[in-house]
Amino acid sequence: MRPWVIAVLSYRDLERFWKYKWWLAALVTMNLADLFIFALIFRGIVKRELIPDYFLFLAPGIASIAAFAAAFTIGREVMMELRRGFHHYLLSLPISRLELVFGRIAAGMVRGIIYQTPFLLLLLVLLEPPSPHGLLAMTLATLMIVASMSCLSIAASTLVKSLELQATIRSLLYFLAFFLSNVFYPESVIRERFPEQLYVVIVNNPISLATSIYREVFIPEMVPPTDISANLAKLAIWTLFLFLLGSHLYVRNLER
Amino acid sequence: MGVAVKIRGLVKKFGNFAAVNGLNLDIEEGEIFGLLGPNGSGKSTTLLIIATVYKPTEGDVEVHGHSVTKSPDEVRRLVGIAFQEPKALWVDNPYELLVWHAMVVGYSFLDARRAVREIMEELEIWEHRGKLFSELSGGTRKKVEIAKLFLQKPKVAIFDEPTAQLDVTTRHKVWDMIEALKEERRTIIVATNDMAEADRLSDRLGIIYKGNLKALGTPAELKDRIPAGDVMEFSIEGQAGEHLLAALSRALNTERVNLTNGTLKVYVNRAEEKVAVAIETLSKMGVKVRSVSIKEPTLDDVFFYFTGAQLREGR
Ligand SMILES: Nc1ncnc2c1ncn2[C@@H]1O[C@H](COP(=O)(O)OP(=O)(O)OP(=O)(O)O)[C@@H](O)[C@H]1O
Ligand SMILES: [Mg+2]
């Protein structure tokens, strides 16, 4: 594995990502606007004793969703390549399959990070700067959420050969990430409203795990204390699992 | 010189259909090897297996001793391919694509830029550097594709129909460039349907048909292998009848002798060795020869012959 090769591989993806920079800026702006509107509406509705400031409560969750959405765009690239036969070219290049896989995942990660940064910056500006430990946890959570979502999208895109289906899957995951996660409501509510098994699934999915970590780092006083290390460990397991799944499917479906 | 690419018992199936069907072939180090065959005969499929894009269904290919099935990473370091269909996404721009390619194959950031500019100028596509791939003409796309290999200069360079769609001037330029690559001690494989290209470039040729090798040799050897492939043409004066044709047929050991409007055509092998006997026979019979010409078979004829089509009459 040559890190420099992986950097070069993802450089191309970033060039392509950059071509959509205005679209991206518009998307970030829209997401931020959503965040404000949601927060303003719910601030008045949600009980103060449950969540003191809904805007601050929601922001870390939106940061997770943003990372998810941007990292997921790599899957679309992968599928376009498959459709246009470009993957033959990638397979012929003097690089190992592992380097190719890492290059693609890294590209998805960087996309996620670029997109998520404005949201995290917003949090850093609005709130007290976290401790060095907190910053480290935030960074790790970010790296893992973008890596796992990048892997997930690569896995999904090599499985389905149609753009429409790909978009459908993306919407479905989006939907799940929104409603079956702790982005919008605190865990106490989830525990109350959902059956036990579903509760376990909801709080242990990657989006929820990352959101919990961000909350613990930025707004510890607003959420019941959680074990950051345990959440990081769970996120690491997800990342490893999705990495193995994504890389296996990617190579298997590219090679014939 | 050793063997650069060794293909043994190669089979590639797509579903039940065998695109390559038990191919055996050695490509020598430092040669330009031409791969000929009708559409769908398995040329591209074979090349894609050498480039580790496809995996063999059965058999193996070794590139400088490295197997495509057991050590594909090593093979990829030695092989480069310019695809039949240029590989790019519509929103790619040629310059960025080539710079990226150069970096992947080992150029530094700055060297890549310099080398790409050079090759794009040489192929006269520098002016198109900023366009989208979707805006390029077919020939320009093809030039971008082959530029990749001239940047990469792999030990084994595979060109799949390199000059299809190129204009005459560029074709000759690309042929020169391919020959220059050979001078740099590279092994070159060229799949083509263009007989002029195969004749001009190839040290040796292989003709494949339905996934199998039908003929192998230098262009001259293959031409010699066509039975009665050479034509001696005599423009004659004087009496010529059935007895003359019979005598010639006997003297030259060929069935195929015919006469139309004072032009006598005799089909033989190795015409250059037989022309003297022919003239002698003619003069014995009192026929005066005004002019003689010998026509070797073209590669078209070689192609027709080995792929089962009939040798064309009356060239
Ligand atoms: N990915 C694939 N899936 C299914 N069939 C394929 C695939 N690739 C090639 N084939 C089939 O294999 C056969 C050989 O194709 P190939 O592209 O190797 O031919 P070729 O000799 O390069 O022809 P051409 O001169 O047209 O380029 C064809 O019948 C083709 O339809
Ligand atoms: Mg072909």
Side-chain angles (χ1 to χ4, degrees), chain A residues 1-24 73-104 106-107 110 157 163 247-248 250-256, chain B residues 12-15 19 44-45 47-57 68-69 71-93 95-97 99-109 112 132-134 145 148-149 152 154-156 158 160:
Chain A
M1 278 264 282
R2 298 162 294 173
W4 129 264
V5 168
I6 293 162
V8 172
L9 284 174
S10 26
Y11 169 72
R12 175 184 151 78
D13 280 306
L14 289 179
E15 257 180 359
R16 297 173 53 72
F17 193 48
W18 197 240
K19 291 203 168 119
Y20 302 110
K21 54 185 175 291
W22 297 116
W23 174 79
L24 204 68
T73 58
I74 193 67
R76 198 175 169 278
E77 299 294 328
V78 166
M79 196 166 62
M80 290 308 288
E81 291 166 4
L82 276 167
R83 281 159 61 109
R84 294 209 41 91
F86 190 79
H87 62 295
H88 281 173
Y89 168 56
L90 294 175
L91 290 174
S92 75
L93 291 170
I95 52 178
S96 73
R97 295 291 183 255
L98 205 60
E99 284 167 339
L100 180 59
V101 168
F102 268 93
R104 305 325 295 280
V110 180
S157 60
L163 267 183
S247 51
H248 171 75
Y250 183 62
V251 173
R252 198 199 68 183
N253 286 315
L254 251 54
E255 285 189 330
R256 293 192 49 161
Chain B
K12 179 64 186 177
K13 286 188 177 162
F14 296 108
S44 297
T45 305
L47 299 181
L48 289 177
I49 293 172
I50 302 173
T52 77
V53 172
Y54 286 154
K55 287 180 170 171
T57 310
V68 296
T69 52
S71 41
D73 288 352
E74 272 74 24
V75 173
R76 271 192 289 279
R77 260 176 231 143
L78 298 168
V79 176
I81 179 168
F83 293 90
Q84 182 171 1
E85 295 287 333
K87 301 292 183 195
L89 300 180
W90 285 142
V91 294
D92 281 329
N93 101 25
Y95 179 70
E96 283 171 4
L97 186 68
V99 167
W100 183 76
H101 181 84
M103 291 199 293
V104 173
V105 302
Y107 285 79
S108 72
F109 187 73
L132 298 180
F133 211 77
S134 59
E145 183 64 28
K148 291 177 187 167
L149 271 196
Q152 187 174 353
K155 225 38 214 133
V156 177
I158 300 174
D160 197 349

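Proteins come first, then strands; the chains are lettered A, B, ... in the order of their sequence lines, and each starts at number 1. For the numbers below, each heavy atom of this structure counts, side chains included, while hydrogens, waters and symmetry mates do not.
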- [ ] With sequence neighbours excluded, give me every salt bridge (Lys or Arg N to Asp or Glu O under 4.0 Å) pair touching residues 85-103 of chain A.
- [x] A:Arg2-A:Glu99, A:Arg97-A:Glu255

Task: For the student: nearest non-hydrogen atoms of A:Lys19 and B:Val91, plus distance - done: NZ-O, 3.1 Å

Open item on the list: Only heavy atoms, only distances under 4.5 angstrom. Which residues in residues 83-92 of chain A are near chain B?
Closed with: A:Arg84, A:Gly85, A:Phe86, A:His88, A:Tyr89, A:Leu90, A:Leu91, A:Ser92

Open item on the list: Heavy-atom pairs under 4.5 Å with chain A: which of B:Val99, B:Leu97, B:Asp92, B:Val105 has the most?
Closed with: B:Asp92

Task: Taking every non-hydrogen atom, the tightest pair across B:Val104 and A:Pro94 - done: O-CG, 4.3 Å

Task: Engaged part of B:Tyr54 at the chain A interface, taking heavy atoms whose separation is under 4.5 Å - done: both

TODO: Take atom CH2 of A:Trp4 as the centre, draw a 6.0 Å sphere, and report whether it contains more than 12 heavy atoms from other residues, nucleotides or ligands.
DONE: yes

Task: Residue part contacting chain A, namely of B:Gln152, when any heavy atom lies under 4.5 Å - done: side chain

Open item on the list: Does B:Glu85, at its CD atom, have more than 12 non-hydrogen atoms belonging to other residues, nucleotides or ligands within less than 6.0 Å?
Closed with: no

- [ ] Pick one of side chain, backbone, both or neither for A:Val5, based on which atoms fall under 4.5 Å of a heavy atom in chain B.
- [x] neither

Open item on the list: Please rank B:Lys12, B:Lys148, B:Arg77 by heavy-atom pairs under 4.5 Å with chain A and give me the top one.
Closed with: B:Lys148

Open item on the list: Using every non-hydrogen atom in the two residues, find where B:Trp100 and A:Tyr11 come nearest and quote the distance to one decimal.
Closed with: CD1-CD2, 4.0 Å

